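For reference, the structure discussed in these notes is given below.
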2 protein chains.
Amino acid sequence: MTFLSTLDYLPHIAFDSVVFGFSKGKLKILLMEYHATGWFALPGGFVKRNETLEEAVKKGLFERTGLHDVYLDQFHTFGSLERFKPEVMKRIFEASNHPIDSDHWLLDRFLSIGYYALIDHEKVTLQPDAISDSIAWYDIDQLPSLILDHDKIVQKALQTLRENLDRKLIGGNLLPDRFTMNELQAVYEAILGEKLRRTSFQRKMLSMDILERHEKLFTGKSHKAPYLYSFKTQ
Amino acid sequence: MTFLSTLDYLPHIAFDSVVFGFSKGKLKILLMEYHATGWFALPGGFVKRNETLEEAVKKGLFERTGLHDVYLDQFHTFGSLERFKPEVMKRIFEASNHPIDSDHWLLDRFLSIGYYALIDHEKVTLQPDAISDSIAWYDIDQLPSLILDHDKIVQKALQTLRENLDRKLIGGNLLPDRFTMNELQAVYEAILGEKLRRTSFQRKMLSMDILERHEKLFTGKSHKAPYLYSFKTQ
DNA sequence: TTAATATTGTCTCTCAGTGGAACAATAGAT
DNA sequence: ATCTATTGTTCCACTGAGAGACAATATTAA
């Protein structure tokens with residue numbers, strides 16, 4: 001069969017991407033659903049023999065979101081044995097009209113390298129892959145339960161994102177180019193899962209000298225208009 | 001052949017360990033040398049089909065150091081193509097009297113999961129493996145050049161260790177159970193690569209309420225004797 | 001035209017933590 | 001008893017954050 005031939009890919013090696021987006025004040029991630037089973041999973045993929053791990057992840061991300069040049073960070077590699085459930089994978093391929101033999105390499109044990117991505121929710125055009133029926137955004141604190149160890153992968157991704165948020169100044173990757181201070185604060189609050197003080201947040205952001213101030217944003221509301229900001233490109 | 005049969009191991013998957021120790025005021029790591037080639041490499045290994053990634057790493061570490069229950073942290077997975085140099089691996093196996101065929105699975109492409117370990121330098125009894133001629137400590141800023149991408153692996157390990165040093169309070173793992181404040185400070189300085197202020201360091205450590213103070217250590221020197229400390233087990 | 005309202009931008013006060021230095025304590029040598 | 005080297009502690013100045021107050025302003029209501 002030509003579908004995912006073992007000659008092209010490295011067996012036993014997979015990757016899973018936790019793609020974060022921000023919309024309507026909520027932090028969300030992308031999940032794929034296999035309708036025939038009702039199962040949810042992270043978007044992932046496999047590594048070809050002649051491509052870099054990172055190339056494979058970027059390609060997979062582009063195929064699902066249409067985006068190049070995405071903020072991407074590897075956070076952990078999962079190598080437990082609870083990952084190894086051939087019957088789950090077999091059912092998924094069967095339900096998608098791609099049945100595979102019992103000795104197929106895709107049913108063998110896999111280690112998975114976890115990446116998280118931060119993208120501008122508005123720029124995405126979602127595209128399911130060959131074996132999934134849909135891909136969509138899910139609120140980070142209203143996730144369905146996921147196959148295999150994907151719940152743990154999401155939790156670890158979120159933990160790493162929180163730890164890196166201040167250190168790497170990556171919050172802006174979830175917003176469009178120009179945004180208000182309030183929007184930036186909402187991103188931080190959604191990621192950290194806690195309210196922040198408005199004045200302290202503003203003071204801290206401005207003191208770091210990473211933001212550029214632009215024109216005001218007039219929304220038609222009856223109050224002072226906020227400035228728009230962008231991250232300095234240095 | 002029975003040596004590293006492909007039936008027992010997951011192909012394409014390896015791990016490498018950066019084992020940190022502290023001795024005579026210097027931060028050191030363990031390196032293996034293949035005498036016939038003069039090449040140096042990190043101690044690593046492969047994952048058996050029926051064991052967890054972490055089990056494999058711990059077992060490998062035990063075989064080389066004789067230590068169980070070591071502080072261990074996964075920091076990155078390396079998946080570039082510069083790792084793929086079959087001629088290097090072939091030469092190593094030939095030089096160690098374990099020649100392998102050109103199509104042997106060990107000559108194929110590998111991804112490697114990097115772990116770093118922190119151990120008490122004094123507790124180790126070093127043990128070379130089947131194909132390496134020696135294993136020994138090397139000063140972190142006087143390392144020989146290493147095979148494949150092992151230089152990058154070491155740098156990434158050191159970077160991660162520095163980032164985690166304060167956040168995870170892991171410095172004590174490089175010292176014996178009881179130590180003086182001066183020794184702890186020396187560990188921090190060796191890891192961070194910079195001098196710290198004595199009084200600030202002491203105040204910070206004591207204020208964190210993680211240290212237990214024990215008896216004084218009389219060294220015979222003509223000055224005030226320092227207290228011994230241990231980390232609280234909580 | 002003026003006042004009211006909601007939100008944003010800035011300032012002040014306070015307090016905790018750190019850099020830097022000084023001072024006190026002390027084990028052994030002289 | 002005095003000196004020396006090092007350790008434990010305290011003090012002062014500065015910085016950054018929490019908390020609140022106040023000023024600025026875009027629009028609506030009177």
Side-chain angles (χ1 to χ4, degrees), chain A residues 24-25 162-169 171-172 175-232, chain B residues 24-25 162-169 171-172 175-232:
Chain A
K24 303 198 178 89
R162 284 176 177 157
E163 290 170 357
N164 288 345
L165 184 59
D166 277 324
R167 208 158 45 77
K168 298 188 176 179
L169 298 172
L175 291 172
D177 289 347
R178 297 199 172 188
F179 48 85
T180 65
M181 192 62 77
N182 224 358
E183 291 169 332
L184 186 58
Q185 184 178 343
V187 167
Y188 271 69
E189 289 175 342
I191 293 174
L192 298 175
E194 59 181 357
K195 283 279 174 191
L196 301 175
R197 309 202 56 75
R198 184 182 64 90
T199 56
S200 299
F201 182 80
Q202 177 141 242
R203 175 175 49 188
K204 184 172 158 186
M205 283 297 147
L206 292 178
S207 72
M208 283 194 294
D209 196 40
I210 53 169
L211 295 180
E212 196 149 355
R213 179 177 281 183
H214 303 285
E215 75 282 4
K216 291 186 174 185
L217 173 67
F218 297 92
T219 59
K221 300 280 181 61
S222 66
H223 54 73
K224 189 172 179 178
Y227 289 106
L228 286 171
Y229 294 91
S230 67
F231 279 88
K232 284 184 181 173
Chain B
K24 303 197 180 91
R162 283 175 177 157
E163 290 170 357
N164 289 344
L165 184 59
D166 277 323
R167 206 158 47 77
K168 299 190 176 178
L169 299 172
L175 291 172
D177 289 346
R178 298 198 172 189
F179 47 85
T180 65
M181 192 63 76
N182 223 358
E183 290 169 332
L184 185 60
Q185 183 178 345
V187 167
Y188 271 68
E189 290 175 341
I191 292 175
L192 297 175
E194 59 182 356
K195 282 282 175 190
L196 300 175
R197 267 155 296 283
R198 183 181 65 89
T199 57
S200 299
F201 182 80
Q202 177 142 239
R203 176 176 46 190
K204 185 170 158 187
M205 284 295 148
L206 292 178
S207 72
M208 284 194 293
D209 196 41
I210 52 169
L211 295 180
E212 196 150 353
R213 180 178 280 182
H214 302 283
E215 76 280 5
K216 292 187 172 183
L217 173 69
F218 296 92
T219 59
K221 300 280 181 60
S222 67
H223 54 72
K224 192 172 179 178
Y227 288 106
L228 285 172
Y229 295 90
S230 66
F231 278 89
K232 284 185 181 173

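For clarity, every value in this text was computed on a predicted model and none was experimentally measured. Quick note on labels: first sequence line is chain A, next is B, and so on, each numbered from 1.
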Exercise for review: Look at the side chain of B:R203 and the base of C:dG19, then say whether one donor and one acceptor between them are separated by less than 3.5 Å.
Suggested key: yes
**Study point:** Listed nucleotide nearest any side-chain atom of A:F218, set D:dT27, C:dG9, C:dA27
**Key:** D:dT27
Practice item. Would you mind classifying the nucleic acid contact of B:T180 as base, sugar-phosphate or nothing, using non-hydrogen atoms under 4.0 angstrom? Key: nothing
Review point. In Å and rounded to the nearest 0.5 Å, what is the CG to CE distance from A:D166 to A:M208?
Key: 6.5 Å
Practice item. Using atom CE of A:M181 as one end and atom C1' of D:dT25 as the other, report the distance to the nearest whole Å. Key: 18 Å
Practice item. Please check the phosphate of D:dT7 (OP1 and OP2 only) for any side-chain N or O of B:N182 closer than 4.0 Å. Key: yes
Check your understanding: Looking across every strand, which nucleic acid part, if any, lies under 4.0 Å from A:T219 by heavy atom: base, sugar-phosphate, or nothing?
Key -> nothing
Point to revise | Between CG on residue A:L211 and OH on residue A:Y227, distance to nearest 0.5 Å | key: 14.0 Å
**Study point:** Given C:dT10, D:dG18, D:dG8, the nucleotide with the shortest approach to the side chain of A:T199
**Key:** C:dT10
Point to revise | For atom NZ of A:K204 and atom C1' of D:dG18, their distance in whole Å | key: 12 Å
**Study point:** Atom-pair distance (CZ on B:R198; P on C:dC23), nearest Å
**Key:** 15 Å
Point to revise | Which residue lies more 5' along DNA chain C, comparing B:A225 with A:Y229 via nearest heavy atoms | key: A:Y229
Study note, to complete from the structure: Looking only at heavy atoms, the pair that brings B:P226 and B:T180 closest together is CG-CG2, 3.9 Å
**Study point:** Most 5' of B:K224 and A:R197 on DNA chain D, judged by nearest nucleotide
**Key:** B:K224
Check your understanding: In terms of the nearest nucleotide of DNA chain D, which residue is placed more toward the 5' end: A:F201 or A:G220?
Key -> A:F201
Check your understanding: For the pair made of CG in B:L184 and P in D:dT7, what is the distance, rounded to whole Å?
Key -> 13 Å
Exercise for review: Please report the closest heavy-atom contact between A:Y229 and A:Q202, naming both atoms and the distance.
Suggested key: OH-OE1, 4.0 Å
Exercise for review: Can you tell me the distance, in whole Å, between the NZ atom of B:K216 and the C1' atom of D:dT7?
Suggested key: 9 Å
Practice item. To the nearest Å, give me how far apart CD (A:E183) and C1' (C:dT7) are. Key: 14 Å
Practice item. Starting at atom CE of A:M205, determine the distance to atom P of C:dT10, rounded to an integer number of angstrom. Key: 16 Å
**Study point:** Between C1' of C:dG17 and CE of B:M208, the distance in whole Å
**Key:** 12 Å
Point to revise | Contact under 4.0 Å: A:S200 side-chain N or O vs D:dG18 OP1/OP2 | key: yes
Review point. CD1 of B:I191 to CD of B:E189: how many Å apart, nearest 0.5 Å?
Key: 11.0 Å
